[in-house]
Amino acid sequence: MPDMFPQIQSNTTLGASQLVERLMADQDTPSGIPIEFLKDIAERFKDDGLENIVQPLVSGIASRARSATILTDWRTPFRAILSLIEVPAIAAVIPSVATWNPSNATARQIEAFSALGPFFNTSGFCSDDSSVVELFGTGLKRNKADSAGAFSSIRGTMRGIHTLLFQVVNGIIRSGPEPKEKMLGYFYSVMSKNERRAQMQVDRATVSGDGFIYNITEVLMQFCDPFLDSSHSKVDKISLTYFKGDSKIDISKETRICASKELADAYASETATQATNFISDIFFLTLGFHHIGISRMYIDYKRFMKDFYDMREQYDRLKEQETSGQISAENSLLIKRYETRLETMLTFRLSLESQIMDPIILNHSFQFYNLAMAWLLRMVDPAQSYPRSPIKLPLPEKPADNFAVLPEYIIEDIVEYFLFVLRHSPETVGSSTLDELITFTMVFLITPGYIKNPYLKAKLAEILFYMTLPYRGQRNDDTLGIKLNTHPVALQCLIPAIMNFYVEVENTGRSSQFYDKFNIRYNISQILKFVWKNPIHRDMVKTESQKSDSFVRFVNLLMNDTTYLLDEGLTKLGEIRAIEVEMDDKATWEAQTPQHQQERDSAYRTAQRQASSYIALGNETVNMLSYLTQVIKEPFLTAEIVDRLATMLDYNLVILVGDKMSTLKVKNPEEYRFQPRILLSDIIAIYLNLDCPTFISALARDDRSYSASIFYKASRILEGRSLKSADEIVSLKNLVQKVEDVRQQGAEDEEELGEIPDEFLDPLLYSLMEDPVLLPTSNISIDRSTIKSHLLSDTTDPFNRMPLKIGDVIDSKLREGGGWCF
């Protein structure tokens with residue numbers, strides 16, 4: 001019996017998926033689907049399997065988006081998904097489809113197979129999409145100017161994509177409370193799956209790509225816009241207890257700002273007292289996605305650029321050998337490999353810069369981080385009224401638990417952003433008052449215990465340093481640092497903050513602390529030099545100098561640094577000089593083996609790098625001593641400081657103008673920032689600034705380096721080079737005469753005194769003790785000034801290494817020793 005109702009034979013899948021092609025077409029064309037038709041479907045199948053109809057539509061459109069790139073037709077799948085979002089009932093069921101947020105999907109899979117993943121995965125980074133490489137051309141001589149068209153194209157395209165993505169997400173969020181929570185849940189899930197992206201080393205195959213995370217971040221930023229006003233009017237809507245109890249973001253493995261593990265665990269075990277509002281959700285999601293996204297890109301970019309320039313330097317060196325005809329066959333092949341690698345790296349660099357240096361994106365993050373800083377300041381403000389009223393300092397000794405338990409990355413990401421902007425795009429913040437940034441840096445630099453990581457505090461100081469530098473197109477005196485001379489919080493806090501931190505970084509707890517402290521202190525010295533002309537800041541330095549113990553520690557460390565840096569720097573110049581002499585003897589040099597030449601060349605370049613660093617830092621410490629001693633005397637003349645200061649100055653004066661001076665004559669000394677005339681002038685200025693009986697006596701006691709002939713030779717150089725005025729030359733000669741008079745008197749007194757018994761000699765300096773004290777644990781007598789000087793750098797008894805404080809010492813019975821102690 002023939003079928004009464006024959007079936008149509010077709011290869012086309014029947015059902016809702018048939019609508020995918022129609023959705024891809026423009027609604028206003030005959031091939032498109034009118035919005036009214038979609039509304040009718042939504043009405044007809046509401047509460048009756050609408051999600052079963054929407055599922056194949058979303059999957060079909062996502063499949064098209066998955067294959068789209070910024071160089072192909074990415075707009076069509078976006079138009080199709082937005083046509084669905086335009087109907088609120090359909091938008092509301094999209095988060096209910098099976099592919100919405102697959103729980104078993106990995107970080108890499110979720111960007112490809114979740115319902116919205118392919119849309120967020122439309123990337124402008126060549127690391128995600130190799131076709132982007134085509135936009136940047138080829139060749140090692142490319143630069144930003146050559147790639148301006150590519151930059152403009154990528155930035156314009158990505159901004160358009162971000163706008164459409166926002167429309168998609170906003171449509172779902174506005175469709176109802178349940179889809180809103182599922183949309184937020186999707187973002188929380190993506191962030192959780194990608195927590196490894198924040199690590200220093202990560203297998204890129206196990207996490208989502210840069211473009212996926214970058215796009216979600218920018219969508220979240222658009223949701224932040226309503227509360228990014230300059231007055232931060234909604235900052236009080238952001239939860240202060242977000243991480244209490246079972247928070248939506250797991251920070252159990254994160255380093256906290258200053259909380260112990262016990263406090264963090266106890267805080268997490270408490271019950272949250274209120275539900276999280278939408279503003280708080282968006283705020284903390286945006287912080288989190290910045291952390292695993294753009295903030296990580298800033299750090300990776302810095303590391304990448306170091307590798308890029310190192311490779312470029314090696315390549316240039318090989319090219320020089322090739323030009324001179326002294327290159328081996330092996331190195332000729334190496335040049336080709338370097339060229340291929342450098343070209344790939346250059347394309348990657350341009351691709352990255354096209355987005356992370358987009359002025360609009362940078363400005364958006366600037367507004368967001370201003371809010372984040374205001375929120376943090378409000379949290380530590382005892383009145384919790386910031387920014388409506390100024391924060392009152394000093395803060396309580398112990399921060400509130402809500403602040404202490406926060407993940408350290410919140411502050412770290414803020415400082416990494418500002419360091420990146422100040423290095424690469426200072427004009428982004430040039431027109432801002434920077435109120436939040438200055439208040440933020442001042443409060444957390446001057447308040448001990450609130451940030452336990454010294455390297456994080458060091459980055460706050462580094463931000464201030466970059467603010468003092470002129471930026472592109474600006475005069476040398478037109479910098480962001482001008483705000484440090486006018487902002488009321490900076491005028492109150494800057495000087496005590498940086499001077500205390502100068503001392504604090506002596507011990508950071510890391511194996512690299514010895515070298516790290518020099519870089520940190522260089523930044524501090526540049527900040528102090530920049531604000532020194534401001535009389536308010538100068539007066540603050542004078543005020544700090546009256547805190548005798550803390551300022552003497554500062555002076556002690558300043559002298560220690562000066563001694564080490566100048567000694568190392570000038571020693572490296574001597575090494576450079578010796579190698580240059582060896583290389584200039586062509587016959588002998590060419591007779592050496594290639595291995596010997598390579599080893600000496602390597603030693604030469606290492607010495608060049610080290611000399612440049614040490615001398616630059618040494619110059620700044622000497623210069624700081626010069627202008628500080630101009631207005632502050634007493635701390636430099638204390639018994640525990642003055643002898644060491646005199647010895648240090650005399651030693652370096654001998655190096656600069658004595659017989660060893662010829663060993664410092666290197667080629668191109670400016671490359672190492674070696675300016676002997678300026679250095680000599682600064683050292684002599686310190687002598688003249690401290691010209692008083694106490695300092696004269698200290699110079700007279702220096703039997704190792706002091707020499708009147710050295711001073712007279714220095715006077716001739718200063719006069720001949722017009723480095724000092726005639727009056728200053730006369731003052732220097734008078735100082736030398738006073739030293740000679742004291743030395744003569746001392747010799748006569750010593751002859752009259754005769755041989756001093758050993759028990760009255762200082763056991764470290766072997767000089768007559770003037771104020772002997774007894775060390776309680778080793779039971780040894782020593783001069784008070786000697787042990788005070790020792791304790792400035794080492795808080796132990798020098799004879800048995802037991803802990804010791806100056807308050808522990810006892811007046812020695814040697815004071816009664818028959819006139820031998822003064």
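Values below: all heavy atoms of this structure, side chains included; hydrogens, waters and symmetry mates excluded.
- Qualifying side chain to side chain donor-acceptor pair (under 3.5 Å) partners for Thr786, counting only residues two or more places apart in sequence or in other chains: Asp762.
- Taking OH of Tyr614 as the reference point, atom CG of Asn619 lies at 15.0 Å (rounded to 0.5 Å).
- Ring orientation note: the planes of Phe514 and Phe518 are nearly perpendicular, at an angle over 60° on the 30°/60° scale.
- Ser715 and Leu732 make their closest contact through OG-CD2, 3.4 Å (heavy atoms, listed as atom of the first residue, atom of the second, distance).
- Between the side chains of Ser725 and Glu728, a donor-acceptor pair is found at a separation under 3.5 Å.
- Counting heavy atoms from C-beta on, the side chains of Ser525 and Thr621 never come closer than 4.5 Å.
- Between the side chain of Asp702 and the backbone N or O of Ser705 there is at least one donor-acceptor pair closer than 3.5 Å.
- The NZ atom of Lys483 sits 8.5 Å away from the CG atom of Asp435 when rounded to the nearest 0.5 Å.
- More than 12 heavy atoms of other residues, nucleotides or ligands lie within 6.0 Å of CZ in Arg538, so this atom counts as buried by the packing criterion.
- Note that CD of Glu634 is 10.0 Å distant from OG1 of Thr694, once rounded to the nearest 0.5 Å.
- For the pair Thr571 (side chain) and Asp567 (backbone), a donor-acceptor distance under 3.5 Å is present.
- With Val541 as the fixed residue, the side-chain contact (heavy atoms from CB on, under 4.5 Å) test singles out one of Val531, Ile632, Val631: Ile632.
- Screening Asp659, Leu653, Val736 for a side-chain contact (heavy atoms from CB on, under 4.5 Å) involving Ile710 leaves a single residue, Leu653.
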Item to complete: Step by step, work out the salt bridge (charged side-chain N to carboxylate O under 4.0 Å, His left out) result for Arg423 and Glu462.
Response: CA-CA 11 Å; Arg423 288 189 194 110; Glu462 191 176 0; 3.2 Å; yes
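- To the nearest 0.5 Å, the span separating CG on Leu434 from CD1 on Ile463 amounts to 10.5 Å.
- When only modelled atom types and interatomic distance are considered, Tyr706 and Glu740 share a side-chain donor-acceptor pair under 3.5 Å.
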Practice prompt. Show your reasoning for whether salt bridge (charged side-chain N to carboxylate O under 4.0 Å, His left out) applies to Lys724 and Glu719.
Written response: CA-CA 6 Å; Lys724 294 294 181 186; Glu719 190 172 16; over 6 Å; no
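- Counted by atom type alone, Gln737 and Asp741 present one or more donor-acceptor pairs between their side chains at under 3.5 Å.
- With a 4.5 Å cut-off on side-chain heavy atoms, Thr468 and Phe465 count as touching.
- Between Phe695 and Tyr687, the angle of the ring planes lies from 30° to 60°, which puts this pair in the tilted group.
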Discussion item. If you apply the rule side-chain contact (heavy atoms from CB on, under 4.5 Å), what do you find for Arg784 with Asp811, and how did you get there?
Written reply: CA-CA 9 Å; Arg784 186 184 299 273; Asp811 287 344; 2.9 Å; yes
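- Put simply, the side chain of Thr647 never gets that close to the backbone of Arg644: no donor and acceptor are under 3.5 Å apart.
- Residues Ser612 and Arg673 meet the side-chain proximity criterion, which asks for heavy atoms closer than 4.5 Å.
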Discussion item. Run Leu628 and Phe554 through side-chain contact (heavy atoms from CB on, under 4.5 Å) and show every step you take.
Written reply: CA-CA 12 Å; Leu628 284 176; Phe554 167 77; 3.8 Å; yes
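- In this structure, the side chains of Lys457 and Pro454 stay at 4.5 Å or more apart for every pair of heavy atoms.
- Side-chain N or O atoms of Asn689 include one that pairs as donor or acceptor with a backbone N or O of Ala685 at under 3.5 Å.
- Here Met802 pairs with Thr777, Asn800 under the side-chain contact (heavy atoms from CB on, under 4.5 Å) rule; sequence neighbours left out.
- Salt bridge status for Glu620 with Arg521: absent, with no side-chain N to carboxylate O gap under 4.0 Å.
- In this structure, Asp783 contributes its side chain and Asp771 its backbone to a donor-acceptor pair below 3.5 Å.
- Summarising the geometry of Thr486 relative to Leu491, their closest heavy-atom pair is O-CD1, 3.9 Å, with the distance given to 0.1 Å.
- Within a 6.0 Å radius of CD in Glu670, other residues, nucleotides and ligands contribute more than 12 heavy atoms.
- Side-chain contact between Leu528 and Tyr627 is present, with at least one heavy-atom pair separated by less than 4.5 Å.
- In this view, Lys667 and Glu580, Asp584 satisfy the side-chain contact (heavy atoms from CB on, under 4.5 Å) rule, not counting sequence neighbours.
- Salt-bridge check for Lys572 with Glu575: passed, with a basic side-chain N closer than 4.0 Å to an acidic carboxylate O.
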Practice prompt. Apply side-chain contact (heavy atoms from CB on, under 4.5 Å) to Phe530 and Leu464, showing your working.
Written response: CA-CA 10 Å; Phe530 181 85; Leu464 299 177; over 6 Å; no
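- For the pair Asp650 and Arg704, the salt-bridge criterion is not met [side-chain N within less than 4.0 Å of a carboxylate O].
- Checking Tyr386 against Glu436 by side-chain atom types alone, a donor-acceptor pair falls below 3.5 Å.
- With His537 contributing its side chain and Leu484 its backbone, the two residues share a donor-acceptor pair below 3.5 Å.
- Ala616 and Tyr522 get closest at one heavy-atom pair: O-CE1, 4.1 Å.
- Residues that satisfy the side-chain contact (heavy atoms from CB on, under 4.5 Å) test with Lys392, not counting sequence neighbours, are absent from this structure.
- Closest heavy-atom contact between Leu480 and Pro426: CD1-O, 4.3 Å.
- Two residues are said to be in side-chain contact when any heavy atoms from C-beta on lie closer than 4.5 Å; Trp532 and Ile527 fail this criterion.
- When atom types are taken as modelled, the side chain of Lys633 and the backbone of Thr629 share a donor-acceptor pair closer than 3.5 angstrom.
- Looking at Asp703 and Arg743, a side-chain N of the basic residue comes within less than 4.0 Å of a carboxylate O on the acidic one, giving a salt bridge.
- Glu506 places none of its side-chain heavy atoms less than 4.5 Å from the side chain of Asn560.
- Sorted by first then second residue, the ring-ring contact (aromatic ring centres under 6.0 Å, His included) pairs that include residues 629-686, not counting sequence neighbours, number zero.
- Distance alone, capped at 3.5 Å, places no donor-acceptor pair between the His487 side chain and the Ile482 backbone.
- Shown here for Pro496 and Glu544, the closest heavy-atom pair between the two residues is CB-OE2, 3.4 Å.
- Lys738 has a carboxylate O that lies under 4.0 Å from a charged side-chain N of Asp691, or vice versa, which qualifies the two as a salt bridge.
- Environment of CZ in Arg801: crowded, with over 12 heavy atoms of neighbouring residues, nucleotides or ligands closer than 6.0 Å.
- Within the 4.5 Å cutoff, side-chain heavy atoms of Leu570 are placed close to those of Asn652.
- With sequence neighbours excluded, the residues satisfying side-chain contact (heavy atoms from CB on, under 4.5 Å) with Pro396 are Pro382, Tyr450.
- The structure places CG of Asn523 at 7.5 Å from CG of Asn519, a figure rounded to the nearest 0.5 Å.
- Note that the CD1 atom of Ile810 and the CG atom of Asn779 stand 8.0 Å from one another [nearest 0.5 Å].
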